[in-house]
Every structure is written in C-alpha cells, then in structure tokens.
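Data block below; observations after.
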Amino acid sequence: MPPAPPATSPRKRPVQARSRATVEAILDGAAHILVRDGFDRATTTRIAEAAGVGVGSLYQYFPSKEAVIAALIDRHATALQAVFDELAPRLAGTLPAEGVAMIVEAATDAHRLHPTLHRVLNEQVPRIGDLARIRDVSAAITTHIATWIATLPLAHGRDPAVLAVLVERSIEAVIHGALADGHDHLPAALHDELVAMLTRHLAPDMPKPDQRISKAS
C-alpha cells in the first residue's frame, strides 16, 4: 500500500502579530533553503534554522515541509496575482499593441518579485494538493486577459478565451526563459518582438501606430 501523501494544510493560522511574524520568518526561511538547496534537500530542520526559530515552533504551525512550501507558494502566488488584479482595470479601452505591452511589462514585474524562487517553485516542487496554487493564479491572469481581448474588434469566430491562453503562455515562456538565462529583465529587442508578434496575432489587420498617425494627419 503506497504511503499517504504528506499533509499540505497548516496546523493553525497565526492570529497575533508575534505569531504572524514567526510564520513570515518560516516562509522566508523556506524560500532561502529552496533557492540554496532545492526542494529535495529542504527539510523542516533546515527551514527552521534559516528562519531563526526552533523546529518545534515550525511544527506548531506546519505538519510537514510540504505544508510550509504550500504556504510559501500561496504567498508568492498572491503577490503575482496582485500585479494583474491591479493591471486589469487599466487595460480597458487600450489598443492591442498598448495592451499587450502592458501585459508583458506586468508579467516581467511579477517574475522579478523573486525570480529564482519562481523558477524553483515551477521546476522542482511537486504538484500535489495545495501546491497547485500557481495554476489557479495562471487561470485568473488568463481570465483578466480574455476579458480585455473580448473588447477588441476580433474576426468572427475567434475565441477570446483561447487567445488569452496563447498570450499568457507565450509571455510566461519568454520571460521565464530570459530570467532563467540570467537576465534581470526582458531584453528590449526581445520585448519588442514579443509585443509585435502577439499584436499581429490579435489584430492582423490593424495598422501600426505610426500608420494611424500619418493617416490622421
């Protein structure tokens, strides 16, 4: 009989300021250990040492290292989603090129919150239970993008939801790759080509900004 999967829910939620500070320290310690040692070598003892707390204090709140990592993912994912929740109302009324550029810049900002941790969470942490939280955030981001795309003059039959998946995953792959290669931001030439590519796909018949200006004049 296979072993039961480790618990990924916290034992209790911190209420007082001191307990919240302890939990934050534990999560910071977990981030440090994940980046330094990787998921497989992370242990509750190492996390507690990095956090500057006793392992008994860690176990007051978390039953396993997986529960600590799940809480860390939740904190990281919440920060990522906040970037796009703030962006969503500003996308309203923007033209394709402007909107795509805003989405690319927001995605770059989100990845730069903690790029090394983001890479480790995506590449090393197993997707079990609450550890799938980042997928939920990806779905929320895609919904924001689809809502904006639905306001564009799309050709008949084109599905904003499908286009949003293409936009979100294309941007994610390019930015993730650039940061994994050691860049601290998306190189300008790559940024411009990514925006141009996605803009052409969303609105192939729309004139470029300089063409619009010349016609207006």
Side-chain angles (χ1 to χ4, degrees), residues 1-89 105-144 168 172 175-176 178-180 182-185:
M1 185 175 182
T8 58
S9 298
R11 292 186 190 278
K12 64 178 182 178
R13 304 285 182 181
V15 177
Q16 298 180 344
R18 183 175 179 180
S19 60
R20 289 197 298 269
T22 298
V23 169
E24 287 298 308
I26 292 169
L27 298 184
D28 290 342
H32 174 77
I33 294 300
L34 279 179
V35 169
R36 190 190 71 184
D37 300 335
F39 177 80
D40 289 339
R41 296 183 63 196
T43 64
T44 51
T45 299
R46 287 181 174 180
I47 292 171
E49 289 175 352
V53 302
V55 71
S57 295
L58 183 151
Y59 281 122
Q60 287 183 22
Y61 298 97
F62 302 103
S64 64
K65 83 168 184 180
E66 286 80 6
V68 178
I69 304 306
L72 176 63
I73 287 175
D74 187 74
R75 186 178 74 172
H76 183 65
T78 298
L80 295 179
Q81 185 168 341
V83 173
F84 284 89
D85 287 346
E86 188 276 333
L87 171 68
E105 288 158 13
T108 303
D109 290 343
H111 279 71
R112 290 173 65 186
L113 291 173
H114 202 319
T116 307
L117 176 63
H118 187 89
R119 186 183 74 246
V120 171
L121 292 177
N122 274 280
E123 295 177 357
Q124 296 188 27
V125 177
R127 298 293 195 267
I128 55 174
D130 289 341
L131 298 181
R133 172 75 168 95
I134 288 180
R135 291 179 179 175
D136 296 337
V137 172
S138 178
I141 291 170
T142 301
T143 298
H144 284 320
E168 192 271 336
E172 166 72 17
I175 294 177
H176 184 70
L179 296 180
H183 298 287
D184 61 357
H185 63 280

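Residue numbers start at 1 and run along the sequence shown. What you see is a predicted model; the values in this text were computed from it and never measured.
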(message) Using every non-hydrogen atom in the two residues, find where S57 and I26 come nearest and quote the distance to one decimal.
(response) O-CD1, 4.4 Å
(request) Locate the shortest heavy-atom distance separating L58 from A48; write the atom from each residue and the value. (result) CD1-N, 4.1 Å
(message) Is any side-chain heavy atom of F62 closer than 4.5 Å to one of L27?
(response) yes
(request) For side-chain contact (heavy atoms from CB on, under 4.5 Å), just list the numbers for D28 and R75, CA-CA rounded to whole Å, side-chain angles, deciding distance to a tenth of an Å, and then say yes or no. (result) CA-CA 10 Å; D28 290 342; R75 186 178 74 172; 2.9 Å; yes
(message) Distance check, rounded to the nearest 0.5 Å: L72 atom CG versus I33 atom CD1?
(response) 12.0 Å
(message) So H144 and D85, do their side chains get closer than 4.5 Å, heavy atoms only?
(response) yes
(message) If I compare all heavy atoms of A51 with all of A25, which pair ends up nearest, and what's the gap?
(response) CB-O, 3.2 Å
(request) Please report the shortest heavy-atom distance between A31 and L117, naming the atom on each side. (result) CB-CD2, 4.0 Å
(request) Measure the spacing between CD of E105 and CG of L87 and express it to the nearest 0.5 Å. (result) 9.5 Å
(message) Would you say that R41 contacts R36 through its side chain, given a criterion of any heavy-atom pair below 4.5 Å between the two side chains?
(response) no
(message) Would you compute the distance between atom CD of Q60 and atom OG of S19 and round it to the nearest 0.5 angstrom?
(response) 9.5 Å
(request) Compare every heavy atom of E168 with every heavy atom of I141, then report the nearest pair and how far apart it is. (result) CG2-CG, 4.0 Å
(request) Working to the nearest 0.5 Å, report the span between NE2 of H32 and CG of D37. (result) 7.5 Å
(request) Quick one: pull up OG1 in T22 and CD in E24 and give me the separation to the nearest 0.5 Å. (result) 10.0 Å
(message) Which heavy atom of V120 sits nearest to which heavy atom of V35, and what is that distance?
(response) CG2-CA, 4.4 Å
(request) Supply the atom-to-atom distance L34 CG to I73 CD1, rounded to the nearest 0.5 angstrom. (result) 8.5 Å
(request) Keeping the roles fixed (side chain from K65, backbone from F39), state whether a donor-acceptor pair exists under 3.5 Å. (result) yes
